[in-house]
Amino acid sequence: MQPSKRNTAPTRNDGRLVIHFDYDCFYASVFEAENPALKSLPLAVQQKQIIVTCNYEARRRGLHKLQLVRDAKRMCPEVIIVLGEDISRFRDASKELYGFLRDFSWNGKVERLGFDEVWMDVTDMVDYNMELLNSNDLAHSFFQLDRSEPTHGFSFDASASAGHTFPNVSMIANTSATRVNGGLGLRLRLGSHLAMYLRHQLEQEKGYTSTVGISTTKLISKLVGGLNKPKGQTTLLPPYQMNTEGGPESNVMTFIDSHEIGKIPGIGFKLAQKLREHVLERAPAFDDGLVYGGTRERVSVRDVRTKKDMCPELLEKLLIGPGSPHGIGYRIWCLLHGVDESEVKQARPVPRQISIEDSYIRLDTIDEILKELKMLSRSLIARMRLDLTDDEDYDIPLLSNDNDAVSKFHDARCNTVNRKWLAHPRTLRLTTRPRQPPNPDGTRTRSFKRISHSVPMPTFVLALTDSVEALAERLVHETLIPMFRKLHPEKAGWNLSLVNVAVTNMAETAGESRTADGRDIGKMFKLQEDVLKDFTIDDYEGLLSDGQAKVSSSKSAYSAVDTGAETNSLEDLRHPAQYQTVVDGAEWDDEEDGVDTGLVCQSCGALVPSFAILAHQRFHALGD
DNA sequence: CAGGGGAGTT
DNA sequence: AACTCCC
């Protein structure tokens, strides 16, 4: 980057419309939805000795999240406390609400974070409805929820936004003004009405209230939603563009600048501490303590952004460390300016990993280990069957002319095992957290370091006809105990504070293109976005020297990837012509099968794991 | 590491 | 395999 452009703010791209949902006090709401009588009473959810969350009746009486049960009872003796250590009901409710919201989406870009947050990219819905507006009568508008059904939707007043705004002023209807910036003001307004409609649906149909933010990125929609909790929604008003000479201040900058640095999603504990240390020029006292030796401890986004010599390169130097991605300096630089190009990800059909863990005060005998591994294995296999299998029935209607299939359908119906794997894990991992041996002086250093060992997934676990119990037994003795010996070769002397058993590295089996909701189409979209992203990044470097004219080049990139030729060359990039994809078989009979999906080198025939392809290419380049 | 997850990167 | 981030 050129020295003169060091402090160039990243360019905003506000072409999207993103809504962020956060269900109000989710765990408590799950119990209230099951038993509505609880709604009018103070209710708290307990895990171990902690109130993990409580409803607003309880908060009115002084209770709060992460409070000791004892303190909560003292403060509010009437509080109703329910146990929430079994999280399955929360997981189920979360999936149901997620599915409910996703059914409104046109593009499938609906992403969940944890159990209680969802982003929706509704750009296509909003832009479609922008075209339907009658600019002479915005107050009587209709939002169409289905492109092929003009009457399916809701009426709304497009001359004002729904819910709260930041800044907190009512948006005065001004048609000529709203058309600047590609109509951003008006588009946000439509987004706010769609958000309001979806919140009402969520409450009416499912009984859950939510707090919502509306903006153009994941970052800003999530942050701005936090302004009106609970049961509120907030839209960040334009102008969004950075301040130019004499122009108005960007509301994005105004909004994000005052946030504590550690409150920005993507800036976690470690990064926040490093940034605070740099700004304060000394070690910060605590995570978010306010005062240290009488001096100011709070470090805001503005403090970091305006610190002397601040630039992407400095951030990179400051923040690079083990586990942190390269390019983090530029990413954080963008976050400091409220810029976040990350996409709302499409729904994934199956999870990337499933893990079960438990923590212990003391775990130091092999008998206890055996018992715990058995428990964890049972849970894990049960979860695998729940989350990685599908009912075979779904395929039958497609073959309904086939008599065999029809009778098979009935067989399957009567059979308790009529499921099949949507994906099977290729890797099994055992993780432990050893407790530190005591120091010479008797004190104990607390360590939360984990160690792990992975092996190819033993395929017998996938036999759906065997009982969970029998499979767990076999898994422990044949696989997990040997893995444990590898992690802890000593006969004794260890003491564990945590054990985790996980399956990862999922291989999707049959039926990847089964349904019309289009995972294949999803992949094409993703491919295009990747190209667009790469193009935009290169483009960004090239354009830095003249600062402007971002949008038009992004658009030309988009039309370029629309052609078949471009798509093919993209394939070539991802799978160099020299390599052929190894198709991972759907069989898992009993061969201790191919562990890693990779590519076969067409030069030497070697099976090369994906991560080693570049190295392998270099090998040939040097050798030849 | 509240707890018991989950997603990503090098 | 270890680390960082999110809830």
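Hydrogens, waters and symmetry mates are skipped; everything else that's a heavy atom, side chains included, is used.
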message: Assess whether a salt bridge exists between A:Lys95 and A:Asp387, defined as any Lys/Arg side-chain N lying under 4.0 Å from an Asp/Glu carboxylate O.
response: yes
A:Leu498: partners by side-chain contact (heavy atoms from CB on, under 4.5 Å), with sequence neighbours left out: A:Glu357, A:Arg433, A:Arg450, A:Asn500
- line: Nearest-nucleotide check on DNA chain B, A:Asp387 vs A:Ser497; residue mapping nearer the 5' end is A:Ser497
query: Contact class for A:Leu487 (heavy atom, under 4.0 Å): base, sugar-phosphate, or nothing?
result: nothing
task: With C1' as the reference atom in both, quote the distance from B:dC1 to C:dC3 in angstrom, rounded to an integer.
output: 15 Å
task: Check whether any side-chain nitrogen or oxygen of A:Lys222 sits under 4.0 Å from OP1 or OP2 of C:dC6, and answer yes or no.
output: no
field: Sugar-phosphate only, base, or nothing, as touched by A:Arg383 at under 4.0 Å among non-hydrogen atoms
entry: sugar-phosphate
query: How close or far is atom P of B:dG6 from atom CD of A:Glu117, stated in whole angstroms?
result: 17 Å
- request: Could you check A:Lys345, A:Gln346, A:Arg102 and say which one makes a side-chain contact (heavy atoms from CB on, under 4.5 Å) with A:Val110?
  value: A:Arg102
task: Check the distance between B:dG8's P and A:Lys270's NZ and give it to me in whole angstrom.
output: 22 Å
- request: For A:Phe448, answer base if it contacts any base atom (sugar-phosphate contacts may also be present), sugar-phosphate if it contacts only those atoms, and nothing otherwise; contact means non-hydrogen atoms under 4.0 Å.
  value: base
- prompt: Hey, does the side chain of A:Arg433 come within less than 4.0 Å of B:dC1's phosphate (OP1/OP2), counting only N and O?
  reply: yes
message: By nearest heavy atom, map A:His326 and A:Ile354 onto DNA chain B; which one lands nearer the 5' end?
response: A:Ile354
message: Checking contacts here: which listed nucleotide (C:dC5, B:dA2, C:dC7) is nearest the side-chain heavy atoms of A:Leu113?
response: C:dC7
- request: May I ask you to say what A:Ser454 touches in the nucleic acid, namely base, sugar-phosphate or nothing, with a heavy-atom cut-off under 4.0 Å?
  value: sugar-phosphate
message: Strictly below 4.0 Å: does A:Arg435 bring a side-chain N or O up to OP1 or OP2 of B:dC1?
response: no
- request: List for me each residue that meets side-chain contact (heavy atoms from CB on, under 4.5 Å) alongside A:Glu316, sequence neighbours excluded, and say none if there are none.
  value: A:Ile320, A:His326, A:Ile328
query: How would you label the contact of A:Gly84 with the nucleic acid (heavy atoms, under 4.0 Å): base, sugar-phosphate, or nothing?
result: nothing
- prompt: Taking the side chain of A:Ser359 as heavy atoms from C-beta outward, which of B:dT10, B:dG4, B:dG8 is closest to it?
  reply: B:dG4
